[in-house]
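Because the structure is predicted, anything quoted here is derived from the model rather than measured.
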Amino acid sequence: MSPSPHSDSPSTTRFPVVVLGAGPAGLTVGNILRAAGVDCLVLETESREFIEARPRAGVIEEWAVRGLERRGLAGRLLERAERHSECEFRFDGRGHRFSYTELTGRHHWIYPQPLLVTDLVREYADVRGGEIRFGVRDVRLHDLDSDRPAVSYTDPDTGERRLVRCDFVAGCDGARGASRAALPPSVRTSRHDYGIGWLALLAKAPPSADRVLFGMHPAGFAGHMPRSPGVTRYYLQCPPGDDPGNWPDDRVWEQLQQRLRAADRPPLREGRLLEKRVLDMHNYVVEPMVYGRLLLAGDAAHLVAPIAAKGMNLALNDAFLLGDGLVAQLAEGDSAGLDGYSAACLRRVWDYQEFSQWLSEIYHGRSHGDPHRAGTTLARLRRLFSSPVAAAAFAEQYLGTAGAY
C-alpha cells in the first residue's frame, strides 16, 4: 500500500466504491451497484477491445447462470449459450458417457468468457451508465486501514495523476494487480503446485462431440471443450514450463488423436490452431479476502487451475456476495454481508480447491509411470460408472451443487 497521497493532489474525485479490474468479477460487482443506485468507478489497465477478446474460460455452472439471471445480466447468455448435460471420459480405448443432468437435473452452460465480459461491460457502461476508465496506469491504493481509502492512477490520455476517494475498494484485478500488491504480510497466501503443465490450444475446428471429453492416457491427459460451432478448446498435458515451440501442429494433432482415441468414436476433427500457450497447473488462496476497506474477489483472492473449470464460477460467486454486501452497507447501513464476506466466499473456494486436486489425480494418475497409481486411478474411474452413490457425489461436485454455501 502506498503512502497517503497529498491533500492537494490534482483531479480529486469521489465515488462510494472503486472497482479495480473489468473482468467477470469486477463488472458483475459494478452492475449490481449500478442497479441499486450506488455510484462506482471501474478502473481497468487494458483497453475495452482487449478485455472483450481475451481468451479465457467458457464453462458456467447453473447456479451462477441463475445468479446472473436474477440480476438482469444473463439475457444474451441465455439466448446464445449452449447447455451441456453430460461429459465423457475416455480410457482403456473406449468412451464412457457421464450424464450429470440425469443425476441432478442441472446443466453446465458453455459461454466463452470474452462474450460474458462483452455483455457485462455493455450493460454497465452503455446501458446503466456506469463510470469506467480503460488503459489506466500505475494504480496505487492508499489508506486502506482507515475510513477514507483512496485509489490513484495515471490517466492514459493526459498523463496526469488522478486521485479517487471512496468508502470501499473492490479488488478484482487478478494476481498481479494493485490489490494484491497492497496487501500486508499478515495476509496469508497458500499455494499448491501440481508439477504438470497443460498446453492450451484453440482450434478453428468444429467440436468433435457435443460434450466435454476427458482423455486419461498413459502418454498424458487430453481435453476437448466445445466453444462454438466452429471453434474448439483443447488441452494437452505437458512438462511444466514447456515451450509451445516444441509442439508443431502435426505433433499436437497426433497426440490429441492418440490420447482421445476411442474405438467406438470417430476421430477428432482437425483444423488450424489459433493459440498455443503453456499453463503451469497451480492453485492459491489468499486469507482473509478482506484487508481494511479492500475486499478481494476473483483471481486477486484465489486461483483454481483449469482442471475442474471452476475459476469463472468462483469469481461470479465472489461478485454476487460482494456486490450484495456493498449495497446492503451503503444503501441500508447493514454490515452483515461485508462482515461475513471472506468466510462465505472461502467455503466454496476451499471446496473447489479440494475437488480440483481430486480430479487432477483422475486426469493425470495414469501418466506418472507408477503402475500402482495408474491402477488406483482406473479403479476410481470405473467406480463412477458402477456405483450410483459415487456417480451422484461426483456430479454434485462437478456442477458445484454439493454442500450449502
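- For the pair Thr154 (side chain) and Glu160 (backbone), a donor-acceptor distance under 3.5 Å is absent.
- Between the side chain of Ser387 and the main chain of Arg383, no donor-acceptor pair closer than 3.5 Å is present.
- Here Arg76 does not pair with Glu79 in a salt bridge; the nearest charged N to carboxylate O distance is not below 4.0 Å.
- Taking 4.0 Å as the cut-off between side-chain N and carboxylate O, Arg54 and Glu46 do not count as a salt-bridged pair.
- Using modelled atom types, one side-chain atom of Asp173 and one backbone atom of Ala178 make a donor-acceptor pair closer than 3.5 Å.
- Classification of the Phe89-Phe385 ring pair by plane angle, with boundaries at 30° and 60°, yields perpendicular.
- No donor-acceptor pair under 3.5 Å is formed between the side chain of Tyr194 and the backbone N or O of Asp280.
- Counting only distance, with no hydrogens or angles, the side chain of Arg148 and the backbone of Asp143 share no donor-acceptor pair below 3.5 Å.
- Side-chain contact between Lys310 and Ser356: absent, with no pair of heavy atoms (C-beta onward) separated by less than 4.5 Å.
- A salt bridge links Arg162 with Asp155; the closest basic N to acidic carboxylate O contact falls under 4.0 Å.
- Within the 3.5 Å criterion, the main-chain N or O of Asn31 finds a donor-acceptor partner in the side chain of Arg128.
- The residues Arg373 and Glu361 are annotated as salt-bridged, a charged nitrogen and a carboxylate oxygen being separated by less than 4.0 angstrom.
- In this structure, the side chains of Asp193 and His282 come closer than 4.5 Å at one or more pairs of heavy atoms.
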Decide salt bridge (charged side-chain N to carboxylate O under 4.0 Å, His left out) for Arg251 and Glu254; before the verdict, give the C-alpha distance in whole Å, the side-chain angles of both, and the deciding distance to 0.1 Å.
CA-CA 5 Å; Arg251 183 188 180 197; Glu254 184 272 328; over 6 Å; no

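- Residues Lys276 and Asp243 are not paired through a salt bridge, judged by the lack of any N-O separation under 4.0 Å between the basic side chain and the carboxylate.
- Ion pair Arg48/Asp126 flagged as a salt bridge, since at least one NZ, NE, NH1 or NH2 atom sits closer than 4.0 Å to an Asp/Glu carboxylate oxygen.
- Side-chain atoms of Asn313 and Ile60, non-hydrogen and from C-beta on, do get closer than 4.5 Å to each other.
- Within the 4.5 Å cutoff, no side-chain heavy atoms of Phe168 are placed close to those of Phe15.
- Tyr153 has its side chain within reach of Arg133: a pair of non-hydrogen atoms, C-beta onward, lies under 4.5 Å apart.
- None of Arg90, Arg94, Arg97 except one satisfies the salt bridge (Lys or Arg N to Asp or Glu O under 4.0 Å) rule with Asp264; the exception is Arg94.
- Side-chain contact between Phe320 and Trp63 is present, with heavy atoms from C-beta onward closer than 4.5 Å.
- Aromatic ring pairs are classed by plane angle as parallel below 30°, tilted from 30° to 60° and perpendicular above 60°; the pair Trp358 and Phe394 is tilted.
- When all heavy atoms of Arg34 and Asp39 are compared, the pair lying nearest together is NH1-OD1, 3.1 Å.
- Put simply, the side chain of Trp198 reaches to within 4.5 Å of the side chain of Tyr363, judged on heavy atoms.
- Taking the side chain as every heavy atom from C-beta outward, Asp119 and Tyr111 approach each other to under 4.5 Å.
- Of the residues Leu273, Leu236, Val278, the one that meets the side chain to side chain contact (heavy atoms under 4.5 Å, CB included) test with Trp247 is Leu236.
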